[in-house]
Amino acid sequence: MKKTAVTLKAKEKSMARRFAENCAATSGTAIALCAALLCAAAVLLMKADVSHSLHEPITTVISALATLLSTYVAGASGKSTGVSFGAICGFLVFTVLFAASLIFGDSEVTYQALVKLLALVSAGGIGSLASARKTKNNALKI
């Protein structure tokens with residue numbers, strides 16, 4: 001009896017570790033994709049005459065798209081699915097971007113940070129949920 005309890009605890013720890021590793025890998029992918037998209041947007045913004053007030057919404061949209069795509073790809077590859085996985089990945093991406101903006105920039109905590117948090121967590125959840133629905137539909141078709 002004790003042996004099965006120990007085995008179940010080991011399996012739970014293994015599953016939790018795998019979930020954490022998948023979240024970290026997906027969040028890292030989202031941050032790398034976000035950096036690449038932000039560099040491309042910076043080049044376009046330098047060439048176009050865009051108002052300075054649009055820079056923050058543009059970065060929020062790009063960050064949300066990067067989070068959405070990375071959680072969708074991670075879920076479609078079968079690593080992890082579920083809204084909680086995507087939401088946690090979105091929160092991790094927000095934490096890294098927010099910490100970087102506080103450390104390297106002279107930004108303040110405003111309501112736009114809350115909007116970015118909600119956008120990234122929602123995008124992560126939606127991307128993961130969409131990939132779960134896609135894999136579920138593919139499984140039903142086969």
Side-chain angles (χ1 to χ4, degrees), residues 3-142:
K3 193 172 189 177
T4 57
V6 170
T7 307
L8 287 175
K9 285 185 180 181
K11 284 184 179 180
E12 287 175 2
K13 284 183 180 179
S14 171
M15 288 175 57
R17 173 180 246 151
R18 226 175 329 154
F19 184 80
E21 288 172 354
N22 289 341
C23 281
T26 303
S27 298
T29 304
I31 291 168
L33 182 61
C34 182
L37 290 174
L38 285 174
C39 287
V43 170
L44 291 174
L45 289 175
M46 286 175 57
K47 291 185 177 184
D49 188 24
V50 179
S51 173
H52 184 66
S53 63
L54 291 177
H55 291 189
E56 181 68 27
I58 289 171
T59 58
T60 301
V61 169
I62 288 173
S63 303
L65 283 174
T67 304
L68 180 96
L69 289 173
S70 65
T71 54
Y72 181 80
V73 169
S77 68
K79 284 188 176 181
S80 291
T81 56
V83 177
S84 61
F85 171 75
I88 290 171
C89 290
F91 181 75
L92 288 174
V93 171
F94 169 78
T95 303
V96 169
L97 294 177
F98 186 66
S101 71
L102 288 178
I103 292 170
F104 297 113
D106 50 342
S107 63
E108 299 174 354
V109 179
T110 62
Y111 73 93
Q112 290 176 345
L114 180 63
V115 170
K116 187 174 276 192
L117 170 66
L118 292 174
L120 292 177
V121 169
S122 300
I126 290 169
S128 187
L129 184 65
S131 67
R133 293 188 63 135
K134 179 183 181 278
T135 56
K136 181 180 174 184
N137 289 341
N138 285 345
L140 293 175
K141 289 179 183 176
I142 296 174

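Everything numeric in this text was worked out from a predicted model, so none of it was measured.
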Could you grab the distance from atom [atom1] of [X] to atom [atom2] of [Y], nearest 0.5 Å is fine?
| X | Y | atom1 | atom2 | value |
| --- | --- | --- | --- | --- |
| Leu68 | Ser63 | CG | OG | 12.5 Å |
| Leu38 | Ile31 | CG | CD1 | 11.5 Å |
| Thr59 | Leu37 | OG1 | CG | 12.0 Å |
| Leu65 | Cys34 | CG | SG | 9.5 Å |
| Ser101 | Lys116 | OG | NZ | 7.0 Å |
| Cys39 | Leu44 | SG | CG | 11.5 Å |

Are the side chains of [X] and [Y] in touch, meaning some heavy atoms are under 4.5 Å apart?
| X | Y | result |
| --- | --- | --- |
| Val96 | Ser27 | no |
| Ile126 | Tyr72 | no |
| Cys23 | Leu92 | yes |

So, does Ser128 use its side chain to make a donor-acceptor pair with the main chain of Gly124 at under 3.5 Å?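 The answer is no, because no donor-acceptor pair under 3.5 Å joins these two groups.
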State, to 0.1 Å, how close [X] and [Y] come at their nearest heavy-atom pair, and which atoms those are.
| X | Y | result |
| --- | --- | --- |
| Thr60 | Ala119 | CG2-CB, 4.1 Å |
| Phe85 | Thr26 | CZ-OG1, 3.4 Å |
| Ala66 | Ala30 | CB-O, 3.6 Å |
| Cys89 | Thr71 | CB-CG2, 3.9 Å |

How are the rings of Phe98 and Phe94 set relative to one another: parallel (under 30°), tilted (30 to 60°) or perpendicular (over 60°)?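 Correct class here is parallel.
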